[in-house]
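See below for the structure under consideration.
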Amino acid sequence: MSYKNINTALIHGGISIDERTGAVNIPIYQTSTYKQDGLGKMRGYEYSRTGNPTREALESLIAELEGGYAGFAFASGMAATTAVLSLFHSGDRILISSNVYGGTFRVLDKVFDHFGFTYRISDTSDSAAFEKDITEDVKAVIIESPANPLMTVTDIRAIADISHRHGVTVIVDNTFMTPYLQQPLKLGADIVVHSATKYLGGHSDVVAGLAVVSTEEQAHQLAFIQNSTGGVLAPFDSFLLIRGIKTLSVRMDRHTDNALKAARFLKEHKGVSKVFYPGLEDDPGYEVNLRQARNGGAMISFELADGYDINTFFESLKLVTLAESLGGVESLVCHPSTMTHASIPKDIRDRVGITDGLIRLSVGIEDIDDIISDLAQAIERSEVQK
Ligand SMILES: *Cc1c(COP(=O)(O)O)cnc(C)c1O
């Protein structure tokens with residue numbers, strides 16, 4: 001059965017009870033193969049690359065949460081994106097938003113280009129400019145909203161409407177928002193991908209990816225690609241994700257309350273020159289984001305003002321941890337130009353505004369007063385003595 005309220009669906013959605021034993025958690029079916037009762041007489045499973053009950057429970061859950069036709073679980077977000085991109089052909093082109101995840105850029109720029117599937121950067125936050133970029137060969141667009149790391153908001157419905165007029169498939173990387181904050185398929189997108197490593201897992205203990213498609217035809221194609229290329233998620237990791245997803249809404253409520261407070265604090269601080277957060281009313285993406293999402297999420301980027309040293313800032317943090325990744329219960333900070341976005345050439349980084357002074361903060365669910373005091377003391381220490 002499916003649940004209208006996402007708070008309930010997070011816990012009971014998809015296949016949530018083990019039919020055989022009644023266990024309220026789907027067991028970890030740690031098996032590669034399954035007994036056949038005779039030639040061609042399978043009990044629903046034959047080999048775990050093709051299908052595994054723990055993975056299947058997760059796949060049915062994410063499909064329900066995103067309101068899609070079918071879900072697929074992969075060994076990482078990049079494996080999910082790679083599988084989805086494998087739906088396209090040599091000669092096709094994909095448009096990508098200007099500040100797409102570094103790994104998505106890299107796989108298109110350095111891997112898919114070998115096979116003649118090309119990309120072009122397009123400003124999806126400007127619908128008119130985006131429509132001009134749709135040439136005959138464009139078959140898909142991949143959007144993140146808010147996009148990493150400048151939190152640029154794209155009007156998903158507007159891009160979907162334009163794309164569908166031109167027969168272009170709309171893929172949304174919903175990692176930053178999760179289905180609790182934003183449901184792209186309901187806004188007209190065709191496919192959603194996730195790095196479930198982030199908020200869906202939520203505890204920085206698993207690397208995983210998910211994809212959700214909206215039609216039976218796409219489901220058949222992606223199931224074929226998943227089984228053929230084999231980047232599937234293991235049963236134990238599938239279990240961890242199901243477990244993480246149960247608490248998604250309570251975690252996201254705390255993450256986003258904390259983020260709004262942290263963003264307001266940074267905005268007021270004389271040591272901070274810019275704050276990028278679509279949950280602030282004066283952010284350029286505020287209104288469009290509020291139309292399509294519950295709130296501004298929990299990712300903030302900011303720049304220190306002149307006279308503050310970024311290295312000292314990072315080295316002075318005591319609670320907030322300098323690390324790649326995001327979306328875990330602990331607050332993490334990173335330096336996009338040398339970490340998450342280092343695979344994007346410097347001239348493109350400069351052009352789209354990923355400066356060397358940019359800091360990205362994933363606001364955790366610790367006490368907000370502790371997060372803010374840590375940021376405050378690190379900013380103070382980083383002021384260069386005159
Ligand atoms: C981390 C991330 C990815 C890649 O996911 P992995 O699980 O690290 O492979 C893709 N998109 C976004 C927005 C991400 O943050």
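Note that ligands are numbered from 1 as they come in the structure, with each ligand's atoms numbered from 1 the same way.
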For residues Phe117 and His89, establish whether the separation of their ring centroids is below 6.0 Å. no
Take Phe239 and Arg55 through the side-chain contact (heavy atoms from CB on, under 4.5 Å) test and state the conclusion after the steps. CA-CA 8 Å; Phe239 167 84; Arg55 193 177 89 220; over 6 Å; no
Cluster question for you: counting only ILVMFWY and a side-chain heavy-atom cut-off of under 4.5 Å, with indirect links fine, are Leu233 and Ile15 together? no
Whether Arg294 engages the ring of Tyr180 as a cation-pi pair (distance to the six-membered ring centre under 6.0 angstrom, angle to the ring normal within 45°) should be assessed. yes
Near ligand 1, which protein residues have a heavy atom under 4.0 Å away? Ser76, Gly77, Met78, Tyr101, Glu144, Asp173, Thr175, Phe176, Ser195, Thr197, Lys198, Ala208, Leu326
Counting only heavy atoms from other residues, nucleotides and ligands, does the tally under 6.0 Å from NZ of Lys274 exceed 12? no
Assess Lys198 against Tyr101: is NZ or CZ under 6.0 Å from the centre of the six-membered ring, and within 45 degrees of the ring's axis? yes
